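Okay, structure first, notes after.
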Amino acid sequence: MPAHVNVAVIYYSSTGTVARLAQQIADAAEHAGAEVRLRRAAELAPQAAIDSNPAWAANAAATADILEATHEDMLWADAVIFGSPTRFGNVTSQLKQFIDTLGGLWQQGRLADKVYSGFTASATRHGGQESTLLALYHTVHHFGGILVPPGYTDPAKFVDGNPYGTSHVGGPETPVDEDAHTAARIQAERVVKFTKAIKTGLSMAG
């Protein structure tokens, strides 16, 4: 019998695109049979900067009820799916700040043997989506985590063209499209599938 799995979807989003992807991934993982926690990284930007951008302010208000990610969420999870918009081809400081606080758990080996995956968005087509996910995945290797990317494991992945993780091009004026929605479902289902298999196998191996 497949093991029950816990999936934490931990993300940062400024103007809402990654927040929408996070919700879609969380919904798909839950539909695939996982228990899911949707969590956001704490905001680091000053309130004046947020207020200066209507889309940023609107997303902050719309997601205020989503709990901030904690170390306990990482310990609870069998799989963690991180989400971040790209910032100069890299992970946002907000998500990186949360990851950087995990040193104690890493040192204790408590982040190892979990499944990890990631998703992203950028304002332009070649805005650093792949480099952002690859930068994020460096951390997974240090954790001793098990990386489960979507790859080209479904015909739909040849449409969105990103084997590293779900991604979307566009800002708040460009709604998350059907291609990204499908990619989110594929990635979530794949993460849940392999997390169940790994957890079941480890329990049988003793």
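The residues of the chain are indexed from 1 along the displayed sequence. Quick caveat: nothing in here was measured; it's all calculated off a predicted structure.
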With rounding to the nearest 0.5 angstrom, report the [atom1] to [atom2] distance, [X] to [Y].
{"X": "Ile146", "Y": "His141", "atom1": "CD1", "atom2": "NE2", "value": "12.5 Å"}
{"X": "Lys193", "Y": "Ile198", "atom1": "NZ", "atom2": "CD1", "value": "11.5 Å"}
{"X": "Ile25", "Y": "Ile186", "atom1": "CD1", "atom2": "CD1", "value": "11.5 Å"}
{"X": "Asp113", "Y": "Lys199", "atom1": "CG", "atom2": "NZ", "value": "12.5 Å"}
{"X": "Thr15", "Y": "Ile50", "atom1": "OG1", "atom2": "CD1", "value": "12.0 Å"}
{"X": "Lys96", "Y": "Thr101", "atom1": "NZ", "atom2": "OG1", "value": "10.5 Å"}

Are any non-hydrogen side-chain atoms of [X] and [Y] less than 4.5 angstrom apart?
{"X": "Leu21", "Y": "Tyr11", "answer": "no"}
{"X": "Tyr164", "Y": "Pro149", "answer": "no"}
{"X": "Gln94", "Y": "Glu43", "answer": "yes"}
{"X": "Tyr12", "Y": "Val91", "answer": "no"}
{"X": "Tyr137", "Y": "Ser117", "answer": "yes"}
{"X": "Glu68", "Y": "Arg39", "answer": "no"}
{"X": "Arg87", "Y": "Ser14", "answer": "yes"}
{"X": "Leu95", "Y": "Ile10", "answer": "yes"}

Test item: [X] side-chain N/O and [Y] main-chain N/O as donor-acceptor pair under 3.5 Å:
{"X": "Asn6", "Y": "Asp78", "result": "no"}
{"X": "Ser131", "Y": "Gly89", "result": "yes"}
{"X": "Asn59", "Y": "Ser13", "result": "yes"}
{"X": "Thr166", "Y": "Ala183", "result": "yes"}
{"X": "Lys196", "Y": "Val5", "result": "no"}
{"X": "Lys114", "Y": "Ala77", "result": "yes"}
{"X": "Gln187", "Y": "Gly118", "result": "yes"}
{"X": "His31", "Y": "Arg185", "result": "no"}
{"X": "Trp106", "Y": "His142", "result": "yes"}
{"X": "Arg40", "Y": "Thr63", "result": "yes"}

Closest approach of [X] to [Y] (non-hydrogen atoms, all atoms of both residues):
{"X": "Val148", "Y": "Val191", "value": "O-CG2, 4.1 Å"}
{"X": "Asn162", "Y": "Pro150", "value": "O-CG, 4.1 Å"}
{"X": "Leu38", "Y": "Ala26", "value": "CD1-CB, 4.3 Å"}
{"X": "Ala28", "Y": "Ala188", "value": "CB-CB, 3.6 Å"}
{"X": "Ser52", "Y": "Pro54", "value": "O-CD, 3.7 Å"}
{"X": "Val192", "Y": "Ala34", "value": "CG2-CB, 3.9 Å"}

When you compare the side chains of Thr86 and Thr120, does any donor N or O come within less than 3.5 Å of an acceptor on the partner?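 Side-chain D/A pair, Thr86 to Thr120: absent.
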So, Asp179 and Thr182: side-chain donor and acceptor under 3.5 Å apart, yes or no?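 Side-chain D/A pair, Asp179 to Thr182: absent.
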Would you sort out whether Leu67 and Arg37 count as a side-chain contact (heavy atoms from CB on, under 4.5 Å), showing the intermediate values? CA-CA 9 Å; Leu67 298 177; Arg37 289 185 184 180; over 6 Å; no
If Ile, Leu, Val, Met, Phe, Trp and Tyr residues are connected whenever their side-chain heavy atoms lie under 4.5 Å apart, and connections chain through other members, are [X] and [Y] in the same group?
{"X": "Val7", "Y": "Leu202", "value": "yes"}
{"X": "Leu147", "Y": "Val80", "value": "yes"}
{"X": "Ile66", "Y": "Phe98", "value": "no"}
{"X": "Leu136", "Y": "Val18", "value": "no"}
{"X": "Leu105", "Y": "Ile81", "value": "no"}

Can you pull out every salt bridge (charged side-chain N to carboxylate O under 4.0 Å, His left out) where at least one residue sits in residues 21-35? Sequence neighbours excluded, please.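 Counting only pairs at least two positions apart or across chains, no salt bridge (charged side-chain N to carboxylate O under 4.0 Å, His left out) contact touches residues 21-35.
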Given His168 and Thr174, is the side-chain contact (heavy atoms from CB on, under 4.5 Å) satisfied, shown in steps? CA-CA 9 Å; His168 177 69; Thr174 311; 4.0 Å; yes
More than 12 heavy atoms of other groups within 6.0 Å of Gln108 CD: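 More than 12 within 6.0 Å, yes.
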Determine the interplanar angle of the Tyr116 and Phe143 rings, folded into 0 to 90°, and report it as parallel if under 30°, tilted if 30 to 60°, perpendicular if over 60°.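 Rings of Tyr116 and Phe143: tilted, as their planes differ by 30° to 60°.
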